[in-house]
Each structure stands twice: as C-alpha cells, then as structure tokens.
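Data block below; observations after.
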Number of protein chains: 2
Amino acid sequence: MRYSIGDVAEEMNLPASTLRFYDRKGLLPFVDRDSAGRRSFKDNDLNFLQVIECMKKCGMTITEIRHFIDLCMQGDVTLMDRYELLEKEAATVKEQIQTLQDQLDFLHYKMWYFKTSVEAETEDIHMVPSGDGRRVAPDIHEQYREALEKCHDLSELIEIERDERKQANG
Amino acid sequence: MRYSIGDVAEEMNLPASTLRFYDRKGLLPFVDRDSAGRRSFKDNDLNFLQVIECMKKCGMTITEIRHFIDLCMQGDVTLMDRYELLEKEAATVKEQIQTLQDQLDFLHYKMWYFKTSVEAETEDIHMVPSGDGRRVAPDIHEQYREALEKCHDLSELIEIERDERKQANG
DNA sequence: CCTTGACTTGAACCATGGTTTAACTAGTAG
DNA sequence: CTACTAGTTAAACCATGGTTCAAGTCAAGG
C-alpha cells in the first residue's frame, strides 16, 4: 500500500508539481522516502491530502493549512486546538456561503433588470434624468422587491425562454 | 451630485488606489474628469461600482468584469449578451455555493472526529493498523454517517460545550 | 550496455490583484 | 507667497499559488 507521487497525483487529480510544491511548503511532512529518495505515500497520507484539498477549497492559505498540519504532527496534545481551528474555519465557510448567496440575489435582480430591458428593447425604461445626464432609477431595488413579492416563482421574473430569445435576437 | 475619488473610496469602502487600478484596467471607462484632470464620479457610476463589487465577490477576474463593462458601453444592442453573461455567472455562483457546502459537511465530519478524539483523550480510537504503520479506519465516513442518522441535531455530534472544554484542557 | 520513464532538486518563471513610491499639479487657507 | 491637501501618472514592488526548466539519479527492459 505504497504510492508514488505519480499515483497520488492521478488519484487526487492534481499535477505532481503541485504535490512537490506543497511538500516544499511543509504541507506533507509525513511522506516517507524510498531508498532512492523518491516520495512513498501511505494510505493514511491520502487522508491528509483530502483534508488539505478541503482546506484549499475553503480558501485557507498554505500557511494556515501548514499550521494545522503542524498541530497534527504534535500528536494528541493538540486535539483541542485542531478542533477549535476547524470550528473557526466552519464559521468562515458559513460566512462565505452567505456572501455568495447575497451576490446571487444581486445577480437575480440584474437578470430581472436585463430581462425587462430586453422586452422593452431598451434600458431606457429604467433610466431617469440626473443632473446633466441620466441614471438608473433610485427606487429600482424597491421596484424589484415589489415584483418579487407579487410573483410566485423567481424564474417568472428572471428567466428568458428560448423562443423569446430568438425574437429578441431576430 | 459629483464625487471625488476620495468620496467614492470612502463610500465603497475601498482604497482609492484600487479605484485607480480598476480605471487603468478599463473597468471605469464612464468616469468623467474635471478641468484639472481629476476623476469626477456621477451617481450612476456608483451603480456600476456596485456591479463591479458583486462580480469581484463572485470570483470573476478583472478581464471578465471588463468584458461586461465593455458590453454596457455598447448600448442596447448588447442587452441580451449581458443577460446571458449574468445567467452563466449565476450558475457558477450556485456551483461555488454547493462546493462550499460540501466542504462544510467535510469540516463537520472532522469536528466530530476531533470531538470524539478529545473525549477519548486520544486519536487512537479512530486508528487501525495498516502495513507497518497505522491509518484512520477506512470505514470512518460510514461511522460518521451512521452517527449522523441516529442523532436529532448536528450540534449534538460536533459541538464541544464550554465547560467540557475546560475539563479537556485541564 | 543503453535507453526510457519516472522520479529528484533548486531556481527561474508566470498570472493575478493589488499597493507603494516618486515626482508632479491644482486649489484652498492663512 | 507659502503650506497643505487631495488629486494625477508611470513604474516598481509585493504576496500568493503555482508551473516550468535544467540537470541529474535510479530501476527496469531490450
């Protein structure tokens, strides 16, 4: 049950160069070497790599991940530290999800804005005069919120059907 | 209703240097200049900045955002393109949310793993022999899934109470 | 013996997204 | 007039997260 860097790279769907880079950065202190100096991964090392992948996807930096790995290497005395680190990370991931959800809501508003503009064949319908120029109506978010309350399904508000698109493009 | 770069920086909670950087990158082609060459932002420019901020938070690159801005500058003929760009972006944001949710689930599993280890005062309880060394039990995810099914509330499984922590640390 | 393929290293290179610096200009308060 | 503040630019600088390259080692197969 020993794996070469190539095996692991394939298994984890990562370039081998990235695994070497992580090793250099101290993320893989547990990896053994064979008599020729080649990295020899154990089964359990793959578990570590899964954790590293998770942390990467959570947006943690290499330095932060390394801190966690260092704690792991110190054994049972750091169990609580590791728990608390993950607890904090879980909280920031929840925040990230909330932020993305907020951005998604904004994108939906903008899709409504463009859907209605496409239907009117001009963005003018949302514009009002402002000083010398023009601007989007200041109450546009209000308008959207009202439309949102009245409709039963978000998709009614924001989706342009395929046949409508042909008309709009034609 | 004209704003200096400093006004806008404060309003948007961004360094002025970032606004200048965006301008250089072509993200702010709509910003006017006064007689002394200083940037003079209009009310509507702030709407653009909100869109830019949203796109940044969605993980779009400056090049991608610039493409959208370029479409905006071309007027009503690009309304459908802009709609479709946002539609695609909304889809990728949904994927990002799903990915983060998956990572959060993994973090919860790991919190359970460490909570139980803390209670046992050693990670050994999850270890089995493997070749010459040891590894986390291969069915650990099964074990977690079962525990998850049996319990009524995720927090029962993963949360360590404050008073428990004192015991564990003492 | 020789080639081939997979590995090793350190160093250089790259893209992204800014930030900082130096030198300058314009408007305002004293 | 002086000093100060807020703006301007181009160019240099920075951190992050890799990727690529050059030069070399090793084991296996023909």
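Below, chains carry the letters A, B, ... as their sequence lines are ordered, and counting in each starts from 1. Note that the structure is a prediction, hence the values are computed from the model and not measured. These values consider heavy atoms only, across backbone and side chains, with no hydrogens, waters or symmetry-generated copies.
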Point to revise | Contact interval (first through last nucleotide) of DNA chain C with protein chain B, 4.0 Å heavy-atom | key: dG17(C) to dG27(C)
Point to revise | Sub-4.0 Å heavy-atom contacts from residues 56-67 of chain A onto DNA chain D, ordered by number | key: K56(A), T61(A), I62(A)
Practice item. Indicate yes or no: does R165(A) engage E87(B) in a salt bridge with an N to O separation below 4.0 Å. Key: yes
Review point. Can you find a pair of side-chain heavy atoms, one from F21(A) and one from L27(A), that are under 4.5 Å apart?
Key: no
Point to revise | K25(A) to Y22(A), cation-pi by 6.0 Å centre distance and 45° axis angle | key: no
Which atom pairs, one a donor and one an acceptor, fall under 3.5 Å between side chains of residues 41-48 of chain A and the rest of the protein, sequence neighbours left out?
{"residue": "K42(A)", "atom": "NZ", "partner": "F30(A)", "partner atom": "O", "Å": "2.9"}
{"residue": "K42(A)", "atom": "NZ", "partner": "D45(A)", "partner atom": "OD1", "Å": "3.4"}
{"residue": "K42(A)", "atom": "NZ", "partner": "D45(A)", "partner atom": "OD2", "Å": "3.4"}
{"residue": "D43(A)", "atom": "OD1", "partner": "Y3(A)", "partner atom": "OH", "Å": "2.6"}
{"residue": "N44(A)", "atom": "OD1", "partner": "N47(A)", "partner atom": "ND2", "Å": "2.7"}
{"residue": "N44(A)", "atom": "OD1", "partner": "V136(B)", "partner atom": "N", "Å": "3.1"}
{"residue": "D45(A)", "atom": "OD2", "partner": "K42(A)", "partner atom": "N", "Å": "2.9"}

Practice item. Give a yes or no on whether a salt bridge exists between K88(A) and E84(A), defined as a side-chain N under 4.0 angstrom from a carboxylate O. Key: no
**Study point:** Side chains of S4(B) and D7(B), donor plus acceptor under 3.5 Å
**Key:** yes
Exercise for review: Let me see the working for Q74(A) and D70(A) under side-chain hydrogen bond (donor to acceptor under 3.5 Å, both in side chains), right down to the final yes or no.
Suggested key: CA-CA 7 Å; Q74(A) 288 169 48; D70(A) 288 347; over 6 Å; no
**Study point:** Interface residues of residues 3-26 of chain B with DNA chain D (non-hydrogen, below 4.0 angstrom)
**Key:** S4(B), I5(B), G6(B), R20(B)
**Study point:** Min side-chain heavy-atom separation I5(A)-R20(A) under 4.5 Å
**Key:** yes
Practice item. Using distance alone, with no hydrogens and no angle criterion, decide if S40(A) and D32(A) have a side-chain donor and acceptor under 3.5 Å apart. Key: no
Review point. Pick the nucleotide of DNA chain C nearest each of R38(A) and A36(B); which residue has the one closer to the 5' end?
Key: R38(A)
Side-chain polar contacts of residues 137-144 of chain B - donor-acceptor pairs under 3.5 angstrom, sequence neighbours left out - could you list them?
{"residue": "D139(B)", "atom": "OD1", "partner": "Q143(B)", "partner atom": "NE2", "Å": "3.1"}
{"residue": "E142(B)", "atom": "OE1", "partner": "R145(B)", "partner atom": "NH2", "Å": "3.4"}

Check your understanding: Do R82(A) and T78(A) get their side chains close enough for a donor-acceptor pair, meaning under 3.5 Å?
Key -> yes
Exercise for review: Please round to the nearest 0.5 Å and tell me the distance separating atom SG of C58(B) and atom CD of E64(B).
Suggested key: 10.5 Å
Exercise for review: Would you mind reading off the bend of the helix from dC1(C)-dG30(D) to dG30(C)-dC1(D) from its two end axes, five pairs each, to 10 degrees?
Suggested key: 20°
